[in-house]
Asker: 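Here's a structure for you.
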Number of protein chains: 2
Amino acid sequence: MAERKLPGRNHDHAACMADALRRAERLCYERGAQLTPIRRRVLELIWTDHRPYGAYELLEKLQAERGRVAPPTIYRALDFLLVHGLIHRIESLNAFVGCPRPSDCSAGQFFICDGCGVTAEIADKALAQRIDGAALELGFTVSQRIVEIRGHCRRCHLPEQDEAPVL
Amino acid sequence: MAERKLPGRNHDHAACMADALRRAERLCYERGAQLTPIRRRVLELIWTDHRPYGAYELLEKLQAERGRVAPPTIYRALDFLLVHGLIHRIESLNAFVGCPRPSDCSAGQFFICDGCGVTAEIADKALAQRIDGAALELGFTVSQRIVEIRGHCRRCHLPEQDEAPVL
DNA sequence: GCCGGAGCGTTACAATATAACATCCGCTCT
DNA sequence: AGAGCGGATGTTATATTGTAACGCTCCGGC
């Protein structure tokens with residue numbers, strides 16, 4: 001059921017990120033979409049780790065590298081990455097996270113640790129189908145399923161104290 | 001499975017809203033919480049219909065009635081109503097919708113029509129359990145399940161044109 | 001050459017949300 | 001009665017997130 005794990009102790013993130021970038025390049029190539037330096041860099045920044053990044057957080061990083069970057073620059077890059085499924089928006093955080101499987105990402109569900117920020121995407125088909133079934137009963141046509149589960153990962157397993165997220 | 005329907009043609013909304021207000025009053029009384037005039041009025045405004053309302057939309061309505069209402073007033077009322085489960089926040093819209101069953105609302109799922117804005121809450125236990133099952137596999141402790149299904153209701157059944165929401 | 005579209009820069013602003021401090025009012029304790 | 005306290009609200013200012021609108025440049029096709 002869970003097709004991805006929360007990144008664990010032995011996670012080789014350099015390889016993980018390199019894979020993501022390679023997939024992005026291939027997918028853009030196949031579609032004739034331009035993964036320009038800015039777009040590519042924003043994607044890299046998002047893949048810094050498995051936490052969602054806010055637009056202005058990315059903006060600051062880009063500004064540190066290039067000076068004078070205005071919000072639309074970031075938002076345009078994010079739009080591009082969203083449209084091509086290379087990232088997802090986490091609605092409950094107003095933030096963006098890399099998609100590990102950009103070619104098939106319409107049914108993703110997110111588990112977001114409020115302790116460390118780590119976010120895992122799974123693709124539980126049965127869950128998506130159950131949602132579609134409920135929609136059918138309501139006569140409702142689904143265009144987007146937003147499933148964001150907030151809580152604590154194993155390592156942050158302290159759900160009672162409302163700590164500030166360790167961002 | 002679907003425990004609520006999308007409000008249909010024969011929906012008696014006056015009664016629906018009156019019920020909601022009565023439930024809110026009883027629940028606050030039982031908990032010793034104060035449903036003050038502002039809080040009550042905000043709840044009424046949210047129950048104007050079954051669409052989510054933004055904080056500033058509510059603010060304008062309240063200002064029309066009372067003049068000079070500042071944002072914190074609204075946000076404080078919304079916080080109160082959220083804490084007591086009388087309303088829900090729709091994360092993907094930054095907006096708020098009334099909860100039809102405030103005493104048992106931890107497992108709600110929302111179907112949001114992008115045409116007319118109508119939002120229906122259902123409480124599919126099996127869906128919630130499936131999410132919890134996936135969480136268990138990940139070693140993840142769930143504190144909140146956000147399920148927001150965007151699409152079109154039966155009456156707005158035109159999913160291909162991206163119309164502006166008829167708010 | 002020139003046109004058109006994509007990408008980006010720039011300015012200004014809109015929309016959403018909160019921090020911090022002041023005031024008021026009802027309650028309790030003495 | 002007066003002091004002190006907590007909850008609710010008022011007030012001011014500001015933080016955070018997101019967009020509109022316009023113009024420039026570059027590049028590829030005709």
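Reminder, nothing fancy here: chain letters follow the sequence lines and each chain counts from 1. Side chains are part of it too, since the values below use all heavy atoms of this structure and drop only hydrogens, waters and symmetry mates.
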Asker: Look at B/Asn94 and C/dA17 and indicate whether a side-chain polar atom (N or O) is within less than 4.0 Å of OP1 or OP2.
Answerer: yes
Asker: Specify the residue among A/Pro37 and B/Arg76 whose closest nucleotide of DNA chain C lies further upstream toward the 5′ end.
Answerer: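 With A/Pro37 and B/Arg76 compared, the 5'-side residue is A/Pro37.
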Asker: If the threshold is 4.0 Å, N to carboxylate O, is there a salt bridge linking A/Asp19 and A/Arg22?
Answerer: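 Salt bridge: yes.
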Asker: Using OP1 and OP2 only, check whether a side-chain N or O of A/Thr36 sits under 4.0 Å from C/dC8.
Answerer: yes
Asker: Would you please classify the geometry between the A/Trp47 ring and the A/His50 ring as parallel, tilted or perpendicular, with 30° and 60° separating the classes?
Answerer: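 A/His50 vs A/Trp47 ring planes: perpendicular.
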Asker: To the nearest Å, give me how far apart CZ (A/Arg68) and P (C/dA12) are.
Answerer: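 These atoms are roughly 15 Å apart.
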Asker: From CZ of A/Arg66 over to C1' of C/dT10, roughly how many Å is that when rounded to an integer?
Answerer: 16 Å
Asker: Expressed as a whole number of angstroms, how long is the span from B/Tyr53:OH to C/dT16:P?
Answerer: 14 Å
Asker: Just the endpoints, please: which first and last nucleotides of DNA chain D, 5' to 3', lie under 4.0 Å from a heavy atom of chain B?
Answerer: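 Range of nucleotides within reach of chain B: D/dG7 to D/dT12.
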Asker: Calculate the interatomic distance between B/Glu91 atom CD and C/dT16 atom P; express it in whole Å.
Answerer: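 Taking CD of B/Glu91 and P of C/dT16, I get 14 Å after rounding.
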Asker: Is B/Arg89 touching bases, backbone alone, or none of the nucleic acid, heavy atoms closer than 4.0 Å?
Answerer: sugar-phosphate
Asker: Identify whether the distance between the nearest side-chain nitrogen and carboxylate oxygen of A/Arg41 and A/Glu65 falls below 4.0 Å.
Answerer: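 A/Glu65 and A/Arg41: salt-bridged.
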Asker: Of B/Pro72 and B/Gln34, whose closest DNA chain D nucleotide lies nearer the 5' terminus?
Answerer: B/Gln34
Asker: Starting at CG of A/Leu62 and ending at C1' of C/dG9, how long is that distance when rounded to a whole Å?
Answerer: 13 Å
Asker: Count the heavy atoms of every other residue, nucleotide or ligand shown that sit under 6.0 Å from CZ of B/Arg31, and state whether that count exceeds 12.
Answerer: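 For B/Arg31, atom CZ is crowded (more than 12 foreign heavy atoms under 6.0 Å).
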Asker: Apply the test side-chain contact (heavy atoms from CB on, under 4.5 Å) to residues A/Arg51 and A/Tyr53: give CA-CA distance (whole Å), side-chain angles for both, the deciding distance (0.1 Å), then the verdict.
Answerer: CA-CA 6 Å; A/Arg51 292 171 13 226; A/Tyr53 282 93; 3.8 Å; yes
Asker: Looking only at side-chain N and O atoms, does B/Tyr56 come under 4.0 Å of OP1 or OP2 in C/dA15?
Answerer: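 False: B/Tyr56 side-chain N/O out of range (4.0 Å or more) of C/dA15 OP1/OP2.
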Asker: Should the pair B/Glu91-B/Arg89 be classified as a salt bridge under the 4.0 Å nitrogen-to-oxygen rule?
Answerer: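 Yes, B/Glu91 and B/Arg89 are salt-bridged.
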Asker: Take atom CG of B/Asp79 and atom P of C/dA19, then tell me their distance rounded to the nearest Å.
Answerer: 10 Å
Asker: Can you check the B/Leu59 CG to C/dT18 C1' distance for me, whole Å?
Answerer: 14 Å
Asker: How many Å lie between OH on B/Tyr75 and P on C/dA20, as a whole number?
Answerer: 18 Å
Asker: Test your reading of the model: is there a side-chain donor-acceptor pair from A/Ser92 to the backbone of A/Ile90, 3.5 Å cut-off?
Answerer: no
